[in-house]
Amino acid sequence: MPQHQPTLMEPLLTHNPGNGNPNYRYDVINWFEHVSQNAAYVQTQLLAQILKQNYGVEYLNKWLGNYNILEIDACALESLFSSVVPLASHADFEPFIQRIADGDTAPLLTQQPITTLSLSSGTTEGRQKFVPFTRHSAQTTLQIFTLAAAYRSRVYPIREGGRILEFIYSSNRFKTKGGLTAGTATTHYYASEEFKIKQDATKSFTCSPQEVISGGDYKQSTYCHLLLGLFYSDQVEFITSAFIYSMVQAFSSFEENWIEICNDIRDGTLSSRIKSPKMRKAVLDIISPSPDLASKLESACHELELEKWSGLIPKLWPNAKYVYSIMTGSMQPYLKKLRHYANGLPLVSADYGSTESWIGVNVDPSLPPEHVTFAVVPTFSYFEFIPLHRNENNFGSGADDFTEDKPIPLSQVKVGQEYEVVLTTFTGLYRCRLGDVVEVGGFHNGTPKLNFVCRRKLILTVNIDKNTEKDLQLVVERGSQILTKEKAELVDFTSYADVSKQPGHYVIFWEIKGEVEDKILGACCSEMDKLFMDHGYVVSRKTNSIGPLELCILETGTFKKILDNFIANGAALSQFKTPRCTSNRVLLKILNTCTTKSFRSTAYNNT
């Protein structure tokens with residue numbers, strides 16, 4: 001009999017749940033090849049499905065209320081939608097989402113009742129936002145994880161039944177005024193049926209039980225993740241986390257706690273630092289005294305200490321095939337440290353998405369993170385793209401240095417062009433600007449492959465100058481190279497534009513590991529000032545309408561204090577991204593309080 005060919009719109013996992021079928025991986029890939037070849041058609045049909053499913057909701061009635069969209073064909077509906085429904089930002093949906101959170105059960109954004117709300121990370125704009133979360137959200141998460149695993153297994157095959165060392169963390173969920181469950185998207189997913197299905201479908205099982213993932217204290221959870229990962233060290237096939245920050249943070253803590261972890265493995269005990277009774281019981285039910293393994297690990301750690309922990313991952317997990325995590329955007333500064341730990345083990349960049357929707361899958365897992373692109377999955381949401389053009393000589397007062405053209409559908413994007421992503425989702429967001437700048441790097445059949453460039457709003461600006469997150473990252477990367485010669489390393493950084501006094505100036509905060517002379521740090525400061533190439537910045541510095549760049553050195557552990565503050569406000573470590581540019585008063589207070597010394601640039605003193 002011919003093999004069942006899934007329909008274009010059929011969800012990825014309904015046609016074949018895997019369950020021991022060796023052809024499952026190829027079924028998943030065949031499905032994506034099929035929908036990506038017909039991406040334009042799929043998108044048109046998907047938009048019609050979203051709009052007809054939510055016919056009559058309050059948000060859309062203002063523009064579509066006079067049309068019987070149930071009788072309009074998909075192509076005409078796509079044209080009508082883009083011509084009458086305006087582009088929106090999250091602020092346009094907030095009043096509706098707040099009413100839902102407060103218990104309003106009228107069809108405001110969707111016809112299906114919304115019972116769960118996700119919290120965005122809050123690291124971009126300094127506050128968390130509610131985003132509707134539905135069963136569709138969990139299903140697309142399962143779909144992209146399964147699809148990505150199929151592409152990875154083509155390049156890096158893993159053993160069925162192997163283990164995954166996952167540094168994943170849930171935060172506490174709570175009830176809103178109207179009785180809806182609220183929490184981070186990752187927390188909802190780890191508690192969902194789809195998370196259990198993923199392990200069965202991909203035949204890979206996490207080292208840590210649910211009690212560790214949802215323990216609520218990231219330090220205790222991290223210790224247990226490491227302990228169980230090492231207990232199963234020979235079975236671990238790959239190592240993963242949502243963002244590489246979590247992984248780097250975990251391995252950094254291992255450098256401090258390895259002796260205690262080895263003692264627990266030797267004796268089959270659990271450190272008194274683990275206070276949660278549920279976590280303690282779950283871990284102690286798994287581990288048993290393993291003196292031979294402990295001795296082997298201790299010997300490896302003594303060797304690693306001499307090598308400054310270079311190659312920690314392959315040394316401790318000898319069967320690991322790769323490291324897998326989100327490594328693009330604001331995570332790129334952690335790549336150097338992760339490569340130090342991996343020492344040649346492949347780094348595979350995880351897929352592209354947001355709290356609002358998953359967007360693209362990495363179909364080329366052998367590419368290094370700096371060159372990765374993400375093939376848009378056209379069944380997840382309806383995607384539009386706003387063409388962006390950089391105005392190098394624009395000295396206006398706009399929010400950034402882009403001018404825009406009208407949004408275009410997925411099928412019309414061009415290679416090499418930059419765009420802002422716009423989403424229409426099954427969860428009630430219509431033409432919502434995501435704020436992400438992407439560049440089209442090519443096509444996978446008929447669907448574009450996107451390269452994440454930066455967040456639009458994350459910029460340093462005092463007056464006519466406009467520097468993006470990517471500009472800042474390049475400046476810090478090159479400006480901190482001198483630290484390597486001093487046998488020191490940059491742990492983390494952030495920045496803000498100080499306009500409290502005239503002239504305003506940029507402030508960059510560094511946390512450093514190791515001792516560095518003041519004259520070297522002063523040279524780093526001046527070097528970074530010179531490396532900002534934005535024409536508006538250079539002109540302003542030469543005319544002193546922007547003051548000398550300031551470099552502030554932070555005490556050890558400052559960014560952990562920022563992380564602790566973030567988590568104390570209800571977020572999860574899985575979501576944390578150090579804000580590269582901040583105006584958040586709470587964060588600035590921590591940064592200023594923890595500053596031990598500061599330097600001002602002399603780069604433009606003679607101009």
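Only a predicted model underlies this, so the values are computations on that prediction, with no experimental measurement involved.
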Looking at S253 and L226, what are the two nearest heavy atoms and their distance?
OG-CD1, 3.8 Å

Has the side chain of S357 got a donor or acceptor atom that lies under 3.5 Å from a matching backbone atom of G353?
no

Between W317 (side chain) and G229 (backbone), is there a donor-acceptor pair under 3.5 Å?
yes

Side chain proximity check, L228 to V283, heavy atoms < 4.5 angstrom:
yes

Less than 3.5 Å apart, any donor N or O on the side chain of Y223 or D264 sitting next to an acceptor on the other?
yes

Please report whether the ring centroid of F167 lies less than 6.0 Å from that of F251.
yes

State the OH-OH distance between Y334 and Y245, to the nearest 0.5 angstrom.
6.0 Å

Smallest heavy-atom separation, L347 atom then A342 atom, equals CD2-CB, 3.9 Å

Is there side-chain contact between M528 and I508, with heavy atoms separated by less than 4.5 Å?
yes

Verify whether one side chain among S480 and W510 offers a donor that lies under 3.5 Å from an acceptor in the other.
no

Are side-chain N/O atoms of T556 and K513 paired as donor and acceptor at under 3.5 Å?
no

Quick check: does any side chain N or O of S299 sit under 3.5 Å from a backbone N or O of K296, one acting as donor and the other as acceptor?
no

What class does the angle between the rings of F174 and F130 fall in, given that below 30° is parallel, 30 to 60° is tilted and above 60° is perpendicular?
tilted

Distance from Q249 atom CD to F559 atom CZ, nearest 0.5 Å?
14.0 Å

Check this for me: does any side-chain nitrogen of one of R266 and E298 sit under 4.0 Å from a carboxylate oxygen of the other?
yes

Quiz question: by atom type and distance under 3.5 Å, do the side chains of S310 and Y341 form a donor-acceptor pair?
no

Does V131 reach the side chain of H90, with side-chain heavy atoms less than 4.5 Å apart?
yes

Between E237 and R159, does the salt bridge (charged side-chain N to carboxylate O under 4.0 Å, His left out) criterion hold? Intermediate values first, please.
CA-CA 7 Å; E237 291 292 304; R159 293 176 299 171; 2.6 Å; yes

Are the side chain of K321 and the backbone of N319 linked by a donor-acceptor contact shorter than 3.5 Å?
yes

Taking S288's backbone N and O only, do any of them form a donor-acceptor pair with S290's side chain (distance below 3.5 Å, no angle check)?
yes

Just wondering, do I287 and L227 contact through their side chains at under 4.5 Å, heavy atoms?
yes

Could you pull out the closest heavy-atom pair between R163 and T206, with the gap in Å?
NH1-O, 3.1 Å

Please give me the minimum heavy-atom distance between P369 and R339, naming the atom from each residue.
CD-NH2, 3.6 Å

Note, F238 side chain near L165 side chain (heavy atom, < 4.5 Å):
no

Check for a donor-acceptor pair, side chain of E489 on one end and backbone N or O of G514 on the other, with a separation under 3.5 Å.
no

Is it true that S271 and E260 share a donor-acceptor pair across their side chains at a distance under 3.5 Å?
yes

S241 and S246: side-chain donor and acceptor closer than 3.5 Å?
no

Matching residue for Q220 among H225, R273, M279, R280 - test: side chain to side chain contact (heavy atoms under 4.5 Å, CB included)
M279

Once you round to the nearest 0.5 Å, how far does CZ of F509 lie from CD1 of I590?
11.5 Å

Pair N362, S349: side-chain N/O donor-acceptor within cut-off below 3.5 Å
no

Apply the test side chain to side chain contact (heavy atoms under 4.5 Å, CB included) to residues L316 and I313: give CA-CA distance (whole Å), side-chain angles for both, the deciding distance (0.1 Å), then the verdict.
CA-CA 5 Å; L316 299 182; I313 298 172; over 6 Å; no

In the structure I gave you, are the side-chain heavy atoms of V421 and L423 within less than 4.5 Å of one another anywhere?
yes

Do D285 and K281 meet the salt-bridge criterion of a basic N to acidic O distance under 4.0 Å?
yes

Does Y506 form a side-chain hydrogen bond (donor to acceptor under 3.5 Å, both in side chains) with D498? I'd like the steps, not just the answer.
CA-CA 6 Å; Y506 292 1; D498 185 352; over 6 Å; no

Just by distance, no angles: are the side chains of S325 and T240 close enough, under 3.5 Å, to form a donor-acceptor pair?
no

Closest heavy-atom pair and its distance - L338, I244:
CD2-CG2, 3.7 Å

Can you tell me how far CG of L588 sits from CG of N592, rounded to the nearest 0.5 angstrom?
6.0 Å

Heavy-atom pair with the smallest gap, counting every atom of C552 and V507:
SG-CG1, 3.8 Å

Does a salt bridge link E555 with K561, judged by any charged N lying under 4.0 Å from a carboxylate O?
yes

Report yes or no: do S252 and K560 form a side-chain donor-acceptor pair below 3.5 Å?
no

Any Lys/Arg nitrogen of K219 or D564 sitting under 4.0 Å from an Asp/Glu carboxylate oxygen of the other?
yes

H302 ring center within less than 6.0 Å of W258 ring center:
yes

When rounded to the nearest 0.5 angstrom, what distance separates CE in M331 from CD1 in I326?
8.0 Å

Whether the side chain of S233 engages the backbone of L230 through a donor-acceptor N/O pair (distance < 3.5 Å, no angle test) should be reported.
yes

Separation between NZ (K589) and SG (C594), nearest 0.5 Å, reads 11.5 Å

N/O donor-acceptor pair under 3.5 Å between K487 side chain and T484 backbone
no

Without hydrogens or angle criteria, can the side chains of Y496 and N584 be said to hold a donor-acceptor pair below 3.5 Å?
no

Does S153 use its side chain to pair, donor to acceptor, with the backbone of P157 at less than 3.5 Å?
no

Quick one about E356 and S354 (side-chain donor to acceptor, distance below 3.5 Å, no hydrogens or angles considered), yes or no?
yes

Can a donor-acceptor pair be found, under 3.5 Å and without considering hydrogens, that links the side chain of H340 to the backbone of L312?
no

Relative to the ring of F374, is the ring of Y352 parallel (under 30°), tilted (30 to 60°) or perpendicular (over 60°)?
tilted

T578 side chain reached by I562 side chain, heavy atoms, under 4.5 Å
no

